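Comments concern the structure below.
Model, not experiment: these values are computed from the prediction. The chains referred to below are lettered A, B, ... by the order of the sequence lines, with proteins before strands, and numbering in each begins at 1.
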There are 2 protein chains.
Amino acid sequence: MSGIRAQQKEKTRRLLIDAALSQLSAERSFSNLSLREVAKEAGLAATSFYRHFNDMDELGLTLVDEAGLTLRQLMRQARQRIEKGGSVIQISVLTFMEFIEANGNVFRLLLRERSGTSAEFRAAVNREIRYFTMELCDYLQKANKLDHETSYLQANAAVIIVFSAGAEALDSNKVEREELTMRTIKQLRFIARGAMDLHARKIAKLTENN
Amino acid sequence: MSGIRAQQKEKTRRLLIDAALSQLSAERSFSNLSLREVAKEAGLAATSFYRHFNDMDELGLTLVDEAGLTLRQLMRQARQRIEKGGSVIQISVLTFMEFIEANGNVFRLLLRERSGTSAEFRAAVNREIRYFTMELCDYLQKANKLDHETSYLQANAAVIIVFSAGAEALDSNKVEREELTMRTIKQLRFIARGAMDLHARKIAKLTENN
DNA sequence: TTTTTGAGTGTACACGTGTACACCATTCTA
DNA sequence: TAGAATGGTGTACACGTGTACACTCAAAAA
């Protein structure tokens with residue numbers, strides 16, 4: 001029961017996925033990739049594409065899923081580094097920036113499809129970002145002993161700021177990226193400070209009423 | 001010297017611009033608009049397009065410019081409302097949200113082209129956003145008596161958060177938008193608080209050293 | 001072994017695209 | 001008023017697109 005056939009199929013499916021990924025760049029978005037080009041890059045006849053995906057959208061959604069996975073691996077990586085000691089914010093931002101540098105095209109895919117023309121794509125990307133945010137929210141809630149609302153607001157704002165910095169980093173040189181990283185860290189500290197403050201007020205109000 | 005000819009030309013140029021704008025929607029981005037479609041919508045022969053723009057990119061950059069203008073008018077409108085009294089943050093966010101509701105497609109254009117495939121488009125959009133940020137920065141610096149770095153960091157973060165909220169609002173219903181608005185206001189307060197705090201520390205450090 | 005299934009191929013088609021070109025009609029210039 | 005300039009038109013072309021269809025041939029099922 002080796003399933004030579006299924007095995008081979010999976011292999012060329014990967015070929016298509018990788019072909020699509022490899023064609024993404026600053027100048028080329030998924031939406032202006034053609035089925036024929038992708039098939040060609042994968043070394044297949046155009047019509048063979050249909051043996052694996054119904055259309056380009058299906059391929060695209062697969063890519064978004066994979067990108068989301070990569071993103072979550074990133075979080076785990078960051079947490080490991082944090083456990084070895086160091087500022088949470090600083091390490092998170094540095095890890096993210098390294099991700100951008102190494103996976104620019106994957107990140108670009110997410111950025112672009114988040115505001116793209118397909119509602120399904122937008123929803124898929126937003127789902128991935130939501131997962132990402134939720135993980136951070138849980139972490140903040142436990143680490144800083146915040147209430148849920150506050151930690152969610154903080155996590156949400158932090159993710160937005162970091163993603164935006166990532167987008168800017170894509171068009172920056174090394175010096176600019178370093179400056180950008182510093183700025184982002186400071187902004188995340190603003191947010192953390194504000195969150196702490198709101199939480200403290202909430203507690204104060206509660207005890208005052210009792 | 002009425003310039004009947006120049007006048008007529010300007011008129012049909014507007015026709016093209018408006019035709020392009022009117023075709024934008026959640027499902028249709030500028031980059032998948034064709035020259036022929038735009039010309040047709042404007043009631044012109046395809047080839048007449050060239051009498052006004054060298055290519056679609058030139059039209060697109062014009063649209064981005066106009067969008068930026070609209071955005072800055074927005075700021076002035078917000079400032080007028082603020083002068084009549086009320087929370088700066090709240091009024092700014094409300095004004096922005098009203099803008100999104102009324103000019104969804106214009107805002108979508110900016111959002112999309114900011115991460116699009118044309119470096120020139122990206123630069124144009126970022127320039128508009130930078131103007132927007134700078135105006136806010138000046139305002140904050142004067143109103144809150146902050147140093148330049150702090151007020152810039154605050155303005156930059158605030159614009160990012162608000163734009164991101166705008167993007168989310170485009171795919172939301174009325175109830176979700178209201179919840180989103182509340183959340184955004186709170187996040188901006190986080191940032192404001194953090195900025196104040198950093199500024200206070202800076203001052204403390206300075207006086208301590210003297 | 002024979003039959004069936006299914007991944008991969010090549011051809012063919014209709015369609016939409018950007019744009020070159022020759023042309024017309026009106027406005028501007030001399 | 002003669003002639004140049006220019007906005008607008010219609011035709012024509014080569015090109016890339018998605019995909020329907022009929023096919024091959026090796027793996028899986030019978």
Protein-nucleotide distance ([X], atom [atom1]; [N], atom [atom2]), rounded to Å:
X       : N      : atom1 : atom2 : result
B:Gln7  : D:dT6  : CD    : P     : 18 Å
B:Phe53 : D:dG7  : CZ    : P     : 13 Å
B:Lys11 : D:dT6  : NZ    : C1'   : 18 Å
A:Leu15 : C:dG8  : CG    : P     : 9 Å
A:Leu16 : C:dG8  : CG    : C1'   : 12 Å
A:Ile4  : D:dC25 : CD1   : C1'   : 15 Å

So, with a heavy-atom separation below 4.0 Å from DNA chain C, the residues of residues 27-52 of chain B are B:Ser34, B:Leu35, B:Arg36, B:Glu37, B:Thr47, B:Tyr50
Residues in residues 55-62 of chain B with a heavy atom under 4.0 Å of DNA chain C, by number, are none
For residues 137-162 of chain A, the ring pair (Phe, Tyr, Trp, His ring centres under 6.0 Å) pairs (sequence neighbours left out) are none
Atom CZ of residue position A:Arg193 - does it have more than 12 heavy atoms of other residues, nucleotides or ligands inside 6.0 Å? no
Return a table of donor-acceptor pairs under 3.5 angstrom between the side chains of residues 91-105 of chain B and protein atoms on other chains or two or more places apart.
unit_1   : atom_1 : unit_2   : atom_2 : d
B:Ser92  : OG     : B:Val88  : O      : 2.8
B:Thr95  : OG1    : B:Arg81  : NH1    : 3.3
B:Thr95  : OG1    : B:Ile91  : O      : 2.6
B:Glu98  : OE1    : B:Arg81  : NH1    : 3.1
B:Glu101 : OE2    : B:Arg177 : NH2    : 3.2
B:Asn105 : OD1    : B:Arg108 : NE     : 3.3
B:Asn105 : OD1    : B:Arg108 : NH2    : 3.4
B:Asn105 : ND2    : B:Leu24  : O      : 2.8

Next item on the list: For B:Asn32 and B:Ser29, indicate whether the former's side chain and the latter's backbone hold a donor-acceptor pair under 3.5 Å.
Entry: yes
Is there side-chain contact between A:Leu15 and A:Leu44, with heavy atoms separated by less than 4.5 Å? no
Applied to residues 113-125 of chain A, the side chain to side chain donor-acceptor pair (under 3.5 Å) test, sequence neighbours excluded, yields A:Arg122-B:Asp171
- Show your reasoning for whether side chain to side chain contact (heavy atoms under 4.5 Å, CB included) applies to A:Lys11 and A:Gln7. CA-CA 6 Å; A:Lys11 218 170 181 174; A:Gln7 209 174 311; over 6 Å; no
With the side chain defined as heavy atoms from C-beta on, B:Arg5 is closest, among C:dG8, D:dA28, C:dT26, to C:dT26
Salt bridge (Lys or Arg N to Asp or Glu O under 4.0 Å) pairs touching residues 148-167 of chain B, sequence neighbours excluded, are A:Lys186-B:Glu149, B:Glu149-B:Lys202
